[in-house]
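Everything on this sheet refers to the single structure shown next.
Values below: all heavy atoms of this structure, side chains included; hydrogens, waters and symmetry mates excluded. Naming: A, B, ... by sequence-line order, numbering from 1 per chain.
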Number of protein chains: 2
Amino acid sequence: MVLTQGEGGLRMSGAPAGEDAEGRVLDAAEELFYAHGLQAVGMDALRTASGVSLKRLYRLFPSKEALVEAYLRRRDERWRAELAAYADARPAGRERLLAVFDWLGTWFAEPGFRGCAFVNSFGELGSSSPGVAAAARAHKDAFRRYLAGLAAGAGAPAHLADQLLLLAEGAITTAALSGTAAPARQAREAAGVLLDAA
Amino acid sequence: MVLTQGEGGLRMSGAPAGEDAEGRVLDAAEELFYAHGLQAVGMDALRTASGVSLKRLYRLFPSKEALVEAYLRRRDERWRAELAAYADARPAGRERLLAVFDWLGTWFAEPGFRGCAFVNSFGELGSSSPGVAAAARAHKDAFRRYLAGLAAGAGAPAHLADQLLLLAEGAITTAALSGTAAPARQAREAAGVLLDAA
DNA sequence: CGACATGGAGAACGATCGTTCTCCCCGGTG
DNA sequence: CACCGGGGAGAACGATCGTTCTCCATGTCG
């Protein structure tokens, strides 16, 4: 129930925040990796931000790469859980499907929003780290499957999910680059048109 | 007129490739920065790949950051020139507008395609390098203006350009992550629906 | 022929990184 | 109280980075 003041946003409402060492390390990793990028954050910065000694840090995670992958894994779970909690509270069908873009809009408006952590990580290390590349692909696959479920619930054909994924993905990057939340509304409108036409 | 065998793709057909030192450096920068990321490529790798000595390299570009920005500037010009050369060869209106997505499909299929260089660079260094962030924003602004011109030529309202930008942007990242060119076709179909509805 | 500027190859330098090691304190057990 | 194992703080280590400097071969001009 603790809500940290984290500038990184995306703190799941019921998640414990930093009571044990592993949680504190992952909290620090999420805040720093997301804000500054993977390579820009050193193990020493993680140690300072988490208050966990270097020795313990390396016992919890055998290497920086392992910590990066744990960060991406937890971020994926939290991100999708937050989205599902928001959308699944709406009536199934068209309204729930479009709620995805409303939720994106609230995410874009969070301070410190800097685009998709997985796209950023993939662009930075995807060509040299198979683990990072796989985590990014797994995240997008899971997101696509979730959209496909919503599309089916709205009676839309399967190929609509792919198009909705493109709209959501484009909105995320465009919001990050432009620094505004407007792409969420534009994507929502486009999604409505595509849904009506399907 | 020289066509290098470059794995980076996006080599403009009429552009001279590496006859002078500056051109060779920029060619090497484009190939290496795009393939491996900005921070993963050191000045020594640039020196080896370009055959230009370190001393001359630093006389041409006073710092690595200056070289990164020159790389992004030239990539922006080439990318948009290639796109325009492809699309503007089609009849104005609907066909030219949708040709944008055909061109994206040929780009996605190039070996070594790894998404948008500007999105990747922004994710990696955008939070610490104002020059990189500005270059990425300028690129996307220019792309959006180009789309707006095509939309106007097709008799579509102005807001359609924003939605097409989201589709294109989403197709680029999704193609990079999934490693397939299918997002180009999906985006083209969605664009057609949005255009018809407008 | 000789003085000199030029530019290449690569060593050097200081900083930083991921990772490991040393030293020391501290609590539990005989 | 004496011993000992574990953990924290941070130094140490080897590698790599961006940047600068040294040394030397080469060619030009008087």
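Looking at Met43(A) and Leu46(A), their side chains come closer than 4.5 Å, going by heavy atoms from C-beta outward. Side-chain contact check for Leu72(B) versus Phe33(B): every heavy-atom pair is 4.5 Å or farther apart. Counting only heavy atoms from C-beta outward, the side chains of Arg59(B) and Lys55(B) approach each other to under 4.5 Å. Contact check for Thr174(A) versus Thr180(A): no side-chain heavy atoms found under the 4.5 Å cut-off. Side-chain contact between Cys116(A) and Lys140(A): present, with at least one pair of heavy atoms (C-beta onward) separated by less than 4.5 Å.
No single ILVMFWY cluster, assembled from side-chain heavy atoms under 4.5 Å apart, contains both Trp107(B) and Val119(B).
Cation-pi check for Arg80(A) over Tyr146(A) is not met; the charged atom does not lie both under 6.0 angstrom from the ring centroid and within 45 degrees of its normal.
Between the axis at the start and the axis at the end of the helix from dC1(C)-dG30(D) to dG30(C)-dC1(D) there is an angle of 30°, using five pairs per end and rounding to 10 degrees.
Taking the six-membered ring where the residue is Trp, Phe113(A) and Phe108(A) present tilted rings, their angle falling between 30° and 60°. Classification of the His139(A)-Trp79(A) ring pair by plane angle, with boundaries at 30° and 60°, yields perpendicular.
We find that CE of Met43(B) is positioned 19 Å from P of dA15(C), with the value rounded to whole Å. What separates CG of Leu125(A) from C1' of dC17(C) is a distance of 14 Å, to the nearest Å.
Listed by residue number, Tyr58(B), Ser63(B), Lys64(B) are the residues of residues 58-71 of chain B with a heavy-atom contact under 4.0 Å to DNA chain D. Taken residue by residue, residues 44-57 of chain B places heavy atoms nearer than 4.0 Å to DNA chain D at Leu54(B), Lys55(B).
The two residues Leu164(A) and Leu147(A) come nearest to each other via the heavy atoms C-CD1, 4.0 Å.
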